[in-house]
Structure formats: structure tokens, C-alpha cells
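First comes the structure, then the notes that go with it.
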Amino acid sequence: MVEVEELRPHADHMSTIEDSDSVASIVARITLFNAGFEEHKQHFHHTQLHGTVGRDFDCIENTLDELKHKFTQLKTQLKALGSESRNGTLDVAKYRAKDDLASTRYHDPWALKLEEYKRYGRQLIMPEVGMPGQLRLKASSVLIVGAGGLGCPAAAYLAGAGVGKIGIMDGDIVEVSNLHRQVMHNSAWVGKSKAVSLGNALRLINPLPRYEIHPYHLVPENSAIAAGYSMILDCTDRPSSRYLISDMAVVHGIPLVSASALRTEGQIMVLNDPPVSSDSEKAGPCYRCIFPRPPPPESVQSCGEGGILGPVVGVMGVLQALEAVKVIMRPPDRPANPPSLIMFSAYGSQMFRTMRIRGKNPTCSACSSDTTITRQSLESGSQDYMAFCGALEASDVLAAKDRVSVMDFASMINRSGTPVNHTLVDVREKPQFELCNMLGSVHVPFSLLRRWKNAEEATTALSIDIESHEPIYVVCRLGNDSQATVNKLRELGIDRNGARKIMDIKGGWEAWRKDIDQSWPEY
Ligand SMILES: [Zn+2]
């Protein structure tokens, strides 16, 4: 008599089949199980069975019926998957197992390498991804401009997800002050290329994608690089590069995920999705459609100047990767999401807010039919993005006679470091002033003094006599706000038409640290 126990392990094993199991393995297991089962069944028919054995036999037969039913369902799902892909652009027909189970070769080559099934398994089994989504990721190529606080997390997730080709563009080098937020770099890479550093880190996460490293800055003349990619991520922190990258995306007809972060806030938009070239009726807006004019240059600060909380820029970079993956995996027959702006505020009562934004501007200077920006004009360098955004050089603001070098200023203070016969006004914001400051200096943050309306407000805050001839020296971190302050004090009449000297300390405390006092903290 056949031992029922011989059958049980097989039956238990078969009944644990999950939806996530590879179809090939299910087919193989059912085939084997079927053969063994039929053989044992013959024995049972010729043997007088004990009652409990009979019940076990019934139980196993039920399990087999269930498995056969499940197998039929899986085959139906596979057929549906195949027809979906035929409607789209991907061919996953080869993914289907052959109907002939008797064949020893029961499947065509898999659509992915076995390593990829394992590596991407946790996302492959999601309905939002599946085989079509993974193949779209593999066929995609993403150019990430900026290997900093946004680019690091964005690139890491795209590499992990299996994007086929990833380009990293950045001309900067890794600095110690980057490491609190640019999490793919490390202390050993300080002083070396950010693009190379990020590329190396990505290869450790996933060696399968192709990585193209562009260790230089993006300028209009090298913007042709976008031709090799199907999507761009703007991970930079300057308005001039935002417009340049948007124009690149428009002339190359590829979607753009644009994000920014400063201090405790960030925002993100998916632009040019779908691109103008596909169907101008349905095309998404470009950056110029939303922001035709750049912000005034004096209102713009990069996170190097304005400060940034590491996780804030991390959140925005992760969202960029998420939006990119959603756009890449979207089936061709599904419309793009309506254009929207996601705003993040770390300390807001509501951390995330989504605002619907207007669509394509029919008179946009970049993406409308009467645009003057073409690929040729872009790559010739005739578009001056720095001028368009009004980038200010520190030396542009004040004349040389209104500025004093750190050397000259050093001779005006006594050995204890206190000012002699002058007023030193430090206009850095409070947190910076509290990090390090000079004895006897007067602290008035630039954000406060720029709102002064009259001379009295200034003389009160600075504790100065309006009639005095004592010169005023203004200092900030890098020498930009200090120049604007000199102009502001003159507007208010504090200089009494030149009777009182008001000067800016050239290069600010950073120049002071480099040239005069190396014990001054670098931050
Ligand atoms: Zn536009």
C-alpha cells in the first residue's frame, strides 16, 4: 500500500503557491506533481483503502483541482498582459510560457535576466510596476543635472529601480560642508569631482544600469548632451540653470522633473509632460510657461548662502525620483497628470500642499509655436541665461572707492580686536552672527534693515549720532549684503551726501578668515 505521507509533502508544497511565484516554476511544479499524482492514484484504485487514507486522498485531489484552477487564472492574466503590451510600445509576448506543458523546454527566454527578477522583485510584483513597468524603466535614460542635495537621493532611487541609463552632470567638487545633505558622497571624496563620486556610489547600489559621467558644468554650448536621454531631472540650485534646463527639455522633446529646496521648504513640478513634440494639444507646460520672468536677483539665494536642512532637500530629491519613475512607467495610452506644483514645508502645519498650476502658455517664449528658442540658437550660446536672470557679481554693486579690503580694515582695529573710532555693522542673520562675531560690532540683520523707511530707524538700531563723522564699515559673510547695506544707508541719508564715510568690507568674513585670521570659523 502506498504511504499517504509520501504525497503530503508535495501537496503542502504545491498549496503554498503565491501570485508572485514565477509562472515557469509553477508550471514545472504542477507538471511534476501531476505525473507523480497520476502514478499514485493508480495504486490507490487497486488497493483496499483505510477510511482516513481515503479522506486524505480526497483532500489531495481537491488541492490539485485548486492548483489547476489557479494555473488557468495565471495563464489568463499572462494573456492579458501580453495584449496590453501589444497595444503599447513594449513587446512582452516572449514573457508568456508555452502552452505545451509536456515540452521539456516550457518557456522562451525571460524578458529580464534572472538577476533582475531577484533585484527588482519587490517592485515587480506591484501592479503599478509589473513586467511592462520594469521594461519601461530599463528602456529609459535619465540625465540628472546636479549631483548635490537633490541629485544624490534622486539618482540613488533611479539606479536602484533599474533605469537603463543614468547621466550625472556636475562640475563641482565635494566639500565638507556638502556632506550633511549630499548623502551619496563621503569624507574620502572631499576635493574630488561630485559627478564621479556619485557615479561610483551608484555602481555600488546597482551595477546593471549604464552610467555616463559628465564632470563639468552645464552651459548652453554643451546642452546637446540631452539628446541622448529620455528625461531630465533639474537638481541644480540657480534660476539661470532652471531656465536653461527647461529650454533643453523643450528643444529635445523630453519631460523634465524640476525641484528646488531652501532652508526648510521645497517645491517640485513635472514639466513638459508630455513634450510639445508629441501632441501640442496635450503638451504640458514648460518652466517658462509657469515663470515667464525670473525672480529679482537680490531675492535669490542658493542653499550655500541661505542655509538648508539636510532632510528637506532629501525629501525633494526622493520626490523627484518618484515623479520620474511614475512618468517613465506610465502606459502610452494613459494621459499625464494635470500640471501641478507640490510644495513642502518642514515646519508648516500641513507639510505637503499640491497646487494645480496653469497649463501651457500659448505665447510662451520657449514652447509655443512662435518661439525663438531653437536647438541651434541654444547650442550656439546666443541665449544669455545669466543676463536674463540678472545674476549680480559682488563687484558690480559698489565703486572701488566705497570698499575697504580686509587688510586695510585689520589696521583699523586694536590688538583686542575692538573697533577704533568707527562703527562696524555686521549684517549677517542672527544664527550666523551667533556662530562667530567681532567684539564691539553692531548686529543688524540684513532682512531687517532692508525694510527701514527713514534715517531715524537706522540711527536708533545702529546707536549712532546722525551728525557724527565717525565712519561706518559694513560686513557680511561674503560681501554681497554688505554692499546693498551701504547703498541702503546712503538712500536714508546717513552719509549726509558724502560727509560721512560708509564702506563695505570686501569679501566679508570669508575673506577675513582667508587673509587675516585663520582661527575664524569656516562655515
Ligand atoms: Zn512654455
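All values below were derived from every heavy atom in this structure, side-chain atoms included, with hydrogens, water molecules and symmetry-related copies excluded. For ligands, and for the atoms within them, numbers begin at 1 and follow the listed sequence.
Using a 4.0 Å cut-off between charged side-chain N and carboxylate O, Glu323 and Lys326 make a salt bridge.
Using a 4.5 Å heavy-atom cutoff, the side chains of Lys192 and Ile173 are not in contact. Counting heavy atoms from C-beta outward, Glu265 and Val312 have side chains that stay 4.5 Å or more apart.
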Show every donor-acceptor pair shorter than 3.5 Å between a side-chain atom in residues 139-167 and any protein atom, with sequence neighbours excluded, or say none if there are none.
| residue | atom | partner | partner atom | Å |
| --- | --- | --- | --- | --- |
| Ser140 | OG | Leu137 | O | 2.7 |
| Ser141 | OG | Ser230 | N | 3.0 |
| Lys165 | NZ | Gly228 | O | 2.8 |

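For the Zn ion (ligand 1), the set of protein N/O/S atoms nearer than 2.8 Å consists of Cys286 SG, Cys289 SG, Cys364 SG, Cys367 SG, ordered by chain and number.
Under 3.5 Å, the side chains of Asp426 and Trp509 contain a donor-acceptor pair of N or O atoms.
Going from atom CD of Gln383 over to atom OG of Ser365 covers 8.5 Å, rounded to the nearest 0.5 Å.
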